[in-house]
Each structure stands twice: as structure tokens, then as C-alpha cells.
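A short worksheet on the structure shown next.
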Amino acid sequence: MTETPTDVFTLSRDELPAALEAVLFASGDPVSLDRICEITGTDKETALEALRRLTDRYNEDPRSGISVRRLENDYVMCTKPGMKSILERFFRPRSRPPMSQATYETLAVIAYNQPVTRAQVESVRGVSSDSIISRLLERGWIQECGTLDAPGRPVLFETTQQFLMEFGIESVAEMPAMDLMMYSTIRDLEKSLEEAAGARDNRQVSIEHLPSDPDYPDMGHL
Amino acid sequence: MTETPTDVFTLSRDELPAALEAVLFASGDPVSLDRICEITGTDKETALEALRRLTDRYNEDPRSGISVRRLENDYVMCTKPGMKSILERFFRPRSRPPMSQATYETLAVIAYNQPVTRAQVESVRGVSSDSIISRLLERGWIQECGTLDAPGRPVLFETTQQFLMEFGIESVAEMPAMDLMMYSTIRDLEKSLEEAAGARDNRQVSIEHLPSDPDYPDMGHL
Amino acid sequence: MPSHRVPDLKIDRFEGPLDLLFHLIEKNDIDIYDIPIAEITDQYMSFLHGMSTPDMEVASEFLVMAATLIHIKSKMMLPGIRTGVSPEEGEDPREELVIRLLQYRRCKILAQDLRGRYAYYAGSLTKLPTLPKTLEITVQSVPQEFEPDCFNRAIMAVCARNEVRFADLSSKITHLLKREKVSIRDKMKAVWQKLTEKGRIFFHEIFPVAETEKEERVAGFMAVLELLRSNRISADQERPFDVILLSKKEERTRKESRMYLKEPHHVRKENQT
């Protein structure tokens, strides 16, 4: 690439059709005639002529499922109207593969801790759960429900009505109390372990601040 | 939409090319051969033949900026390699840091020997390749694919679909293993090279011999 | 054969020892199947002497190759081994090296090919997927099966994992503290010595904040606790973070209080000490 791309670029007449096609294809959205001229470095007349040929080539070829259409001053590449039924088949949802254990785990952690942040879920599961959370959102098992009042304002998640319906409200009430599923427990465990480790290096030691340690059974009593 | 969708839908032979094209166009992402057969209600052979024609039609038409490419068992519609400069004028080019020689060497060992462990990569290159492997993983060119059934259960790596896409390779089957890894003596190596030379007329086959690719222009011109 | 000096070569120009070796072979126009190993080893070594690299890991890789070369060189000097590879002769000591060099050469060629392919193909773009909505196609959502059993199993799995996770962590920390024990023994001796000399002393006099590492102070503090527990000393601190005054207990008082406390655990501990 050169430093001043707008000036040096030129397309030969032979290169113009392919260039137009590539731009319309990659864009996906309508592209204006002005923009086409600007990019290809051609005048309007030449561009229009090339676009006309391109349009004809696609629209008149029965082997092609694509057409090029003009919308006022924009041009767009899209599927032909006759392709609707095949595309309906393409877009028809297929039965989904069963959810993975990881997905159920993430859902369970959210159910136990809601409302809960991504970081909290990760802390309980011990592994990153970002992509799974996105999938659960997409599938409607969980939803966003505000943000946590903490730095970065992380999003909070909760389970949805759909989850309740599928799982059964009674089942939810019967969910056994599980300390090790709870973010608060995990956080406390992590904290106390950190403190125990930290006593070695980052704390002014006082008699009241000793870690309890199985090897020093008496220290708790001091 | 019908109630029993799998059965009633049929496409005539004449309708197939346009249908394929529409599906690949609308999808954007690669579509598997199985899915194509399922949607179009055709057998594999017919679908493959139609895909071959479609591929040829696009790839051989100099007026077209689009190509259809096979990536293992998937098919994708994308812009032709030569359209790079016009598309960079249209989209802001993503500037990516250039990859080092070491990166391409590591990728070569993985691509030509997959699935492969870190240790195997290092044995060919004679240097530690940890950080380079991470970079390749990050770049999406390789991925983990299980572990080797050996002490320590080392992770195996393979190339990704994105690798095929960005390197213009249809299938890893096109990439013969780096044979040299299989020989323990030069005599074995020479014998096998001689045999290979004999099988393929009388041309001298050398270690430098590369898979030939008709689409891929001579490196000297790049 | 050109001179043995290999000037103007920087180690970071080479991807590794094989790359360097390969460079020397190409530069000297050597037949890879018949490497004059003595010459190459000398050139390789003179390069190693000239190189400066702060990275020990990189350097060690080059040194391993140097050792290999010297090993091959010494083998070549043994009687009965001639150069050249023909089936009648015994194994050529250079064979493995040649295989590795050929392997590496192929790797380099393929890498070069991949680089070219990437430069050529990487600019290809796919189109963003067309949304069904823009085609006026409505997509019915397919319900996802929910398995309460899987859900309950997942709960158990998370709990079980967390149990292991925290048991692991706490055992690691216990281990760290155990390791300290060795120095705690030393510190106990030091504290006891000071108290024998002076009778009473402030904790911070033995372990001044300015002159001791935190770890040492913690170990010292642990030592004080051990001595307290074995009832050899007493410690007074008015409130947390305040100074701690240590004083030695007299033999008689110690015995009395021990009898008074009658804690078998303490007795056992003391006997160990």
C-alpha cells in the first residue's frame, strides 16, 4: 500500500467489472454510485456503463441465484427473489444439539447466585465462561438485569422465565443449599487463603491476626 | 413452509446452480457439503458436480471479482485474491503486524505434519517454539485437537479452517507430510525419493518438491 | 574453504542453530550429503565465540548444537570411518545431522511458500451473513431441551471441583508455612539466646523493621509463638500493632504453670523440641 492511496490507484477498463463485483459483494450493503466512482477512480459514465453490464450479467443468467439491483443512486448485490424458498430451507432452524455439561454448570451457577456478574460466575466455576454466557443469552435461558455498582459497572445476569418454566418452579425452590456453589463462599475462601499466604509478606503481624494453621494447633487460642 | 420439510422439496437440475449460489451468497460463512445436500435435496455426487461447475464459472471468469472455494468439506464464496487493493480502498485495511520467518516455519511444520505436538515442532526447528505456537493459536491459524497417547499426554495441534482460507488451500490432504520426518537414514530417504521419481515419469524429485497448485501464480511474481 | 572468520553475523539473524549451520553450508557451497565436519565445526564455533546474546535459552540451543558437532567430529576421527555415504560402509556419524538439516531445509522452503500464499490469499473477503429478516424470512426458534438431571449433575460437579480446588490451595499454603518451620527453629534459638542474655527485650529490638526482611520478622514472630506455647517465655502487647515485650520465664515458674495447665499436648510438643 502506498502512503497516498487516493491518487496513484488506477484500474484498467478490463479490471473494472471484477472490481465492482468484489466491492458490491464484500459490502453486503448498498453502495452509492459516488462511492463506486471514488474507489475505482472512474467517471460516472464509465461506472454506470460497467454497472449496467454487471446487472445484466447477473440478472439474465438463469444459473445465477444472485442479482445486482439499483436503488436510486445505490447499487446492491442480493439473492434473486425466486431464491426465497431455498433460503427458507437454509435458514430453517435445525434441532439443537444437547447442552454441554459446561453450559449446565454455568446456568446452575447463575441460578444459584443471581443476579451475578461474568467475573463472579468465572470465580465459582474456576474457568472462563464468557462464550457460554453468550450462548445462554442467545438461547433465552438467562438475561441481563442491570449492572453491578462496582468499577467497570459489570453487567448482571439472572435466569429467565423460560428457565423457570423448563426447570419447574418447584424444582427451583427445592434446589439444595450448596455452599460451594455460592460466590460469597468462594470469595470468603479465597480471601482467607490469600490472607494466610499474605501473612508471610504483606501484613504487619499482630497476635490477633494470625492465620490458623493445622500444624500449629494452638495458635488459634493465643 | 410445509409441515414435512425434508421430503416434498425438490429442485430440478436446472435450478440447482442458482440455488447453490444463493445459499453460499446468503450464508457468508462456509457451508458444508452435507448441509448443501440436505437443503437442496440432492445427492453428494450431483451437488459436488454442481459445485465444481460453480467454482469454475466464477474462478475462470476474469470479469468476476468473486470466487467460490472449497475448504475441506465446506464451500465458501469470497472475493478473488487479486481484489485486495480495490477492497483496501473500500474498507479501511486492517494492518496486522507481519509474521516472522520463525512463525511461518512453525506453521509449516504443523501444517505438513498435523496433528503434531510441540516437541515434534521443536525437533524440526531445533529451537523452542512455545511463544510462536501461542501466536499461531491467537491468530486462529492452528488449534488444539486432543492429546497424544504418550507419557505426559502432550497436546496435539492442527491447522484451522481459517488457515485454509487465508492461505488458499482447499484441503490439508493437499499438503503431503514433511516426509523427512519419517526416515532415520539417508539411504531410506534417497530410496523413497528415487521411487517417487520413478513413479512420476523421469523427473528428478528433490526435497524441494512442492505440491503444485494451478491457481497459485508463480511465487516469483509476488 | 574460506577463512574461519565469520564476521558481521548476529545471532538474531538466525532462527536457531540449524539455521546458522544451514547458512554456513550454503555460504561455503558445501554438499549437504558430504559435510566437511571439521571445517564446519570450526566455523560454527568461531561464530559462537563472536556472538553476544543476553538470552540464555537461545544461547543454550546453539551450544547444544556445538556439542553435537564436536561429538560428530570426534567420531569421524576414529579409524575405520570414511566419508561418503555408500551402502557398504558403516553408519556415517553425520547421518542424523544431515537428516535434520534436510528436514529443516524443507521446513524453510515450505515456510517461504506459506508466506507467499498468505501474501496472495489473505486479502480475500467473505460477505457478512445475510439476515433472514432482510429476506423477509421468519425463523422459528427451536426449543432447547432442558435436562433437570444434567442440571443437578452440573451442580454436583461444580461443588466437587471447588472442594478439590480449595483443598489444593490450602494445602499449598500449609506447605509454604511448613517450609518456614526450618527458619522458625533458628529464630527460636535466636530469641531464646537474646532473652537468656537480657531477660526482657522488645520484639522489634530483635527483629528491627528497618533491618530485617518481612519474612524474617514473620518467622521471628512464629518463633515467639512457639516459645510462648512451650511456656518458656511470656509476651505482652497492649493492643494490636503495639510493641511486644518478651520476657523469659524462670525454670521454676515454667514447671509450675505447666503442671497447672496440665495440657498433655504441650508436654508432648515440648519433649519434641
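Sequence lines set the chain letters: A, B, ... in the order given, protein chains first and strands last, and positions in each chain run from 1. What you see is a predicted model; the values in this text were computed from it and never measured.
Interface with chain B: from residues 47-60 of chain A, residues A/R57, A/Y58 qualify, criterion being any non-hydrogen pair under 4.5 Å. Contacts between residues 11-30 of chain A and chain B, defined by a heavy-atom separation under 4.5 Å, are made by A/L11, A/P17, A/A18, A/A19, A/E21, A/A22, A/V23, A/F25, A/A26, A/S27. Using a 4.5 Å cut-off between non-hydrogen atoms, no part of residues 158-166 of chain B approaches chain A. The interface of residues 134-152 of chain B with chain A, defined by heavy-atom distances below 4.5 Å, is empty.
The nearest pair of heavy atoms linking A/R35 to B/R89 is NH2-O, 4.3 Å.
Top candidate by heavy-atom pairs under 4.5 Å with chain B, chosen from A/G82, A/S67, A/S85, A/G65, is A/G65. Per-residue counts of heavy-atom pairs under 4.5 Å with chain B were compared for A/I39, A/T79, A/T40, A/D61; the largest is that of A/I39. Chain A forms more heavy-atom pairs under 4.5 Å with one residue of B/G41, B/P62, B/C78 than with any other, namely B/C78.
Heavy-atom distances place the side chain of A/L87, and not its backbone, under 4.5 Å from chain B.
Atom CZ of A/F90 and atom CD1 of B/I36 lie 9.0 Å apart (nearest 0.5 Å).
Within 6.0 Å of the NZ atom in A/K191, the count of heavy atoms belonging to other residues, nucleotides or ligands does not exceed 12.
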